[in-house]
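Below is one structure, written out as structure tokens, with a few remarks after it.
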Amino acid sequence: MQPRRARLCVSLVSPRNSSDDDEFRRFATAAIAPLGRLAHALCGDRHLAEDLVQTCLIKVHLAWPRIRHPESVDAYVRKVLLRCWLNEQRRPWRRSENRNGELPDAADESADPGRRMGSHDTRELLRLALAEVPPRQRAAVVLRYWSQLSVTETAAAMRCSEGTVKSQAARGVEALRAALQRRGVDDSHAALRSY
Amino acid sequence: MHKDEVAVDLSRLVDNEFTPHVDLDDVIATSVRRKRRRRAITGTALGTVGLVAGLLIATTIVGRHQQTEVGAAAKAGWTVVDTSKYGQTIVPTSGRGIAAVSASDVWTLGTRNKGDDATVALHWDGHRLSEFELPHGQYFALAAVSSNDVWAVGGNPPVAGTFPDSLIAHWDGHQWSQVPSPRMPAGAHMAGLLGVAAVSSNDVWAVGSIMTDAALVSFAVHWDGTQWRLSDVPSSAGGGIFAISARATNDVWAAAGTGVGKYWTVQKLLHWNGQTWSTVPSPWASAPNFLDAVRGIVAVGANEVWIYGDKLNEPDRALSAARWDGGQWREVPIPDAQPGSDGVQTTVDGRGGLVLGLAMRRNGGAIDHWSGGRWLAAPALDTSVSVAGLAMVPGTDTLWVLGNQRLEDGSPGPLYLAFRSLSK
């Protein structure tokens with residue numbers, strides 16, 4: 001308790017404790033890649049994934065002095081990322097909206113029409129099919145089967161009951177199978193196992 | 001066994017090599033700025049009084065016209081409309097959020113930060129700005145034929161239990177009212193219009209995207225003076241038509257693409273010859289990296305069409321433009337384009353040239369003017385302005401600019417609306 005109080009005193013004098021920033025940097029540097037992949041799994045788009053990670057890390061940095069407990073910080077950050085993405089999903093036609101000045105900065109081969117044509121490999125197929133699954137169901141499917149989180153961990157990230165996680169994940173998998181079938185995958189059960 | 005326990009393997013969903021580029025200095029700086037802003041907002045009453053006094057000193061109200069003239073050199077020549085009543089109005093950055101009928105008849109679209117995402121129309125009568133209700137929904141584009149014939153198009157946000165549909169509103173000189181959209185094809189369960197362009201009172205086009213059970217599909221509708229009808233577009237036209245420019249009854253251009261994340265990555269350009277829509281040979285056939293995220297298209301002349309947007313595959317992702325001269329597409333770098341773009345808008349200048357308005361992430365806004373095959377000197381713009389719309393008053397040299405002022409962290413701030421002579 002003692003060091004914490006000392007830090008509080010410092011923060012009254014200077015806006016931020018620089019050791020907080022160092023810790024945040026250490027954490028964020030390690031977290032960027034896994035967060036980015038989770039964001040990509042959720043939204044299916046590299047540019048948006050970068051935006052989501054950036055938005056998420058800004059929120060995490062704002063809350064950093066409060067949350068820096070090594071055991072729970074990963075779960076917290078996952079929760080923030082999920083919320084950022086679900087907020088994004090609530091805005092239909094978001095491509096036509098003012099984008100709040102947030103812009104990603106890397107190239108994406110999926111944005112290249114030349115390469116996109118005819119390149120519907122399995123990953124692309126799965127990504128497109130998953131994009132048709134409604135957001136909360138998609139979140140449950142991605143957290144359970146891509147992140148391999150337990151039902152309890154998924155419920156914590158989604159801020160819902162474990163029962164809801166199970167029903168959302170089950171419905172999500174059904175929706176994913178239906179979407180794969182619409183895209184010409186006959187045996188979607190086998191397809192989802194063999195990926 | 002519970003359904004949830006069925007083994008599903010998604011391990012190949014994401015490329016394991018993918019690492020997002022995130023600048024931690026930028027993250028920390030943005031967070032610190034937001035924290036400061038929060039403190040400033042919840043600051044003392046004394047601070048607020050000081051701020052208001054400062055604003056009063058900085059802003060001179062000119063007469064009863066309620067226009068403010070701002071004195072800095074970069075802003076010279078602009079008449080800035082007093083938007084303080086509508087300060088927290090966010091304007092659409094794609095589509096076309098402004099249309100001018102005359103110097104005393106200018107319409108813009110904006111969404112108030114009220115949380116319900118409903119768009120309102122703002123009208124400039126030559127003296128002041130007033131607000132008009134639109135049929136409830138989100139609108140992205142405007143087109144004006146005359147003072148009693150203005151169109152706005154958009155989409156109803158999908159709300160649980162309702163059937164979202166495309167939205168078409170019309171101004172008849174007295175009020176905005178909803179005009180029935182054509183019946184959607186079977187299987188469609190959501191439709192949105194993203195662009196509108198008018199040739200005359202009985203020749204208006206609107207374009208957008210329909211969501212069906214399987215995918216997003218492009219669609220176009222046409223107003224013949226009595227009703228809106230669906231028009232056949234090539235099935236290869238991707239998931240949505242997001243931009244349209246109508247130069248004549250038999251010369252209408254549109255850009256269609258597939259929505260990936262927040263960009264429409266373009267696959268096809270379309271042309272209407274008066275009878276049918278067809279895809280036209282596009283620059284990407286030979287150079288796939290060429291201007292790969294187009295935001296808009298504008299037909300300047302019979303043999304001059306421009307597309308403009310982002311080069312996603314370049315590391316600094318600058319805005320760029322390409323010009324078709326009747327024979328081939330050539331890229332034309334935009335003089336004031338800076339790395340990190342937020343959008344680009346255009347208007348024809350009425351004398352065979354083209355005006356571009358840029359919104360850039362770090363450098364704010366700028367205006368560039370192309371005429372007679374070269375770039376001319378263009379008016380300087382307050383760099384805090386992120387341009388979201390341009391319009392020329394027909395038959396004049398007056399250019400209108402619509403946008404939002406950028407806050408320090410890049411988010412949209414107060415509404416900005418101003419006009420000035422383009423060439424003087």
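Reminder, nothing fancy here: chain letters follow the sequence lines and each chain counts from 1. Just so it is clear, the values below take in all heavy atoms, side chains as well, and ignore hydrogens, waters and symmetry mates. Every value quoted in this text rests on a predicted model; they were computed, and no experiment measured them.
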- Pairs of heavy atoms under 4.5 Å with chain A: top-ranked of B/Val27, B/Asp25, B/Thr19: B/Val27
- Message: Below 4.5 Å, heavy-atom pairs only: which of B/Asp26, B/Leu13, B/Asp23 has the largest tally toward chain A?
- Response: B/Leu13
Of the backbone (N, CA, C, O) and the side chain (C-beta and beyond), which part of [X] lies under 4.5 Å from a heavy atom of chain B, both, or neither?
X        : result
A/Leu130 : side chain
A/Thr29  : both
A/Leu176 : side chain
A/Val141 : both
A/Ala41  : both

- Query: Pick one: which of A/Arg46, A/Arg37, A/Arg127 meets salt bridge (Lys or Arg N to Asp or Glu O under 4.0 Å) with B/Asp15?
  - Reply: A/Arg46
- Message: Using modelled atom types and a 3.5 Å cut-off, is there a donor and acceptor pairing between side-chain atoms of A/Glu50 and backbone atoms of B/His21?
- Response: yes
- Query: Heavy atoms, side chains only, cut-off 4.5 Å: are B/Leu24 and A/Ile32 in contact?
  - Reply: yes
- Evaluate the side-chain proximity of A/Glu153 to A/Leu143: yes if any heavy-atom separation is below 4.5 Å, no if none is. no
- Query: If you take all heavy atoms of B/Ala237 and B/Lys268, which pair is closest and at what distance?
  - Reply: CA-CG, 4.4 Å
- Message: Just by distance, no angles: are the side chains of A/Asp21 and A/His61 close enough, under 3.5 Å, to form a donor-acceptor pair?
- Response: yes
